[in-house]
Amino acid sequence: MPEEPPRFPSHPIREVEARYVKQAVCGVFAVVTVDFEPGHGAGNGIELAIPTDVCFVFGRNGGDHDYRVVFGYLDAFAKGMLEELAANQQIIMDAKVILRRMVIHDVDSNERSFHTAGKMAARTALERALDGCPAETSQ
């Protein structure tokens, strides 16, 4: 009987930062820090969680973005993570991903940038999990 693939993540992976920044005429900008924690055991993929103490600032001092843009970026980030993890057939995805930090540039941020950052975050977390890095180690 074949052995079931391991669940990802098997332990918490803290402070995974995805920084996708290229300053040019048409720049790209996405910076996101997340924690990966084991899910509920159902193997249903990933759940992106936003802690209740996260504060979003909009308007004059927080940029011109409103909640629709921010949640569009978060959706793109989650889709990027899911794509990257789904490409790895050696694992069962079962992760709760907790948003810790998100930085948006008024001009250079877009959904494509956050999608790429999501792939980068998943790749980093996978590398750390498969290399056996301790749960509390940060990059």
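These numbers were taken from a predicted model, which means no experiment stands behind them.
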Practice task
Answer yes or no: is there a side-chain heavy-atom contact under 4.5 Å between Y73 and E111?
Solution key: yes

Practice task
For residues R128 and R14, report the shortest heavy-atom separation together with the two atoms involved.
Solution key: NH2-O, 2.7 Å

Handout entry: F36 and T124, any side-chain heavy atoms less than 4.5 Å apart
Key = no

Practice task
Measure the shortest side-chain to side-chain distance between Y20 and K119 over non-hydrogen atoms and say whether it is less than 4.5 angstrom.
Solution key: no

Practice task
Identify the two heavy atoms, one from P12 and one from P38, that lie closest to each other, and give their separation to 0.1 Å.
Solution key: N-CD, 3.9 Å

Problem - Exercise: identify the closest heavy-atom pair between A122 and L85 - result: CB-CG, 3.8 Å

Exercise for the section: Kindly indicate whether the side chain of M120, heavy atoms from C-beta on, has any atom under 4.5 Å from the side chain of E17. Expected result: no

Problem - pair R100-P51: side-chain heavy atoms closer than 4.5 Å - result: yes

Handout entry: Within one Ile-Leu-Val-Met-Phe-Trp-Tyr cluster: F71 and V34, side-chain cutoff 4.5 Å
Key = yes

Practice task
Measure the shortest side-chain to side-chain distance between T116 and V28 over non-hydrogen atoms and say whether it is less than 4.5 angstrom.
Solution key: no

Problem - With N88 via side chain to side chain donor-acceptor pair (under 3.5 Å) - residues at least two apart - result: none

Practice task
For side-chain contact (heavy atoms from CB on, under 4.5 Å), just list the numbers for I104 and V69, CA-CA rounded to whole Å, side-chain angles, deciding distance to a tenth of an Å, and then say yes or no.
Solution key: CA-CA 10 Å; I104 298 171; V69 172; 5.7 Å; no

Handout entry: Closest approach of A18 to A117 (non-hydrogen atoms, all atoms of both residues)
Key = CB-O, 3.1 Å

Practice task
Assign the ring pair H105 / F29 to parallel, tilted or perpendicular, where the plane angle (0 to 90°) is split at 30° and 60°.
Solution key: tilted

Problem - Residue pair Q90 / P5: nearest heavy atoms and the distance that separates them - result: O-CB, 3.4 Å

Practice task
For residues M93 and L82, determine if any side-chain heavy atom of one lies less than 4.5 Å from a side-chain heavy atom of the other.
Solution key: yes

Practice task
To the nearest 0.5 angstrom, please state how far the CD atom of E47 sits from the CD1 atom of I98.
Solution key: 8.5 Å

Fill in the blank from the handout: Between the CZ atom in F8 and the CD1 atom in I92, the distance rounded to the nearest 0.5 Å is 13.0 Å

Problem - Same apolar cluster (I L V M F W Y, side chains within < 4.5 Å links), L48/V103 - result: no

Fill in the blank from the handout: CG (L99) and CG (D35) are apart, to the nearest 0.5 Å, by 9.5 Å

Practice task
Heavy atoms only: give me the nearest V32-F114 pair and the separation to one decimal.
Solution key: CG2-CE2, 3.5 Å

Handout entry: Close side-chain approach of L74 to I50, heavy-atom, < 4.5 Å
Key = yes

Problem - Separation between OG1 of T33 and CZ of R101, rounded to the nearest 0.5 Å - result: 5.5 Å

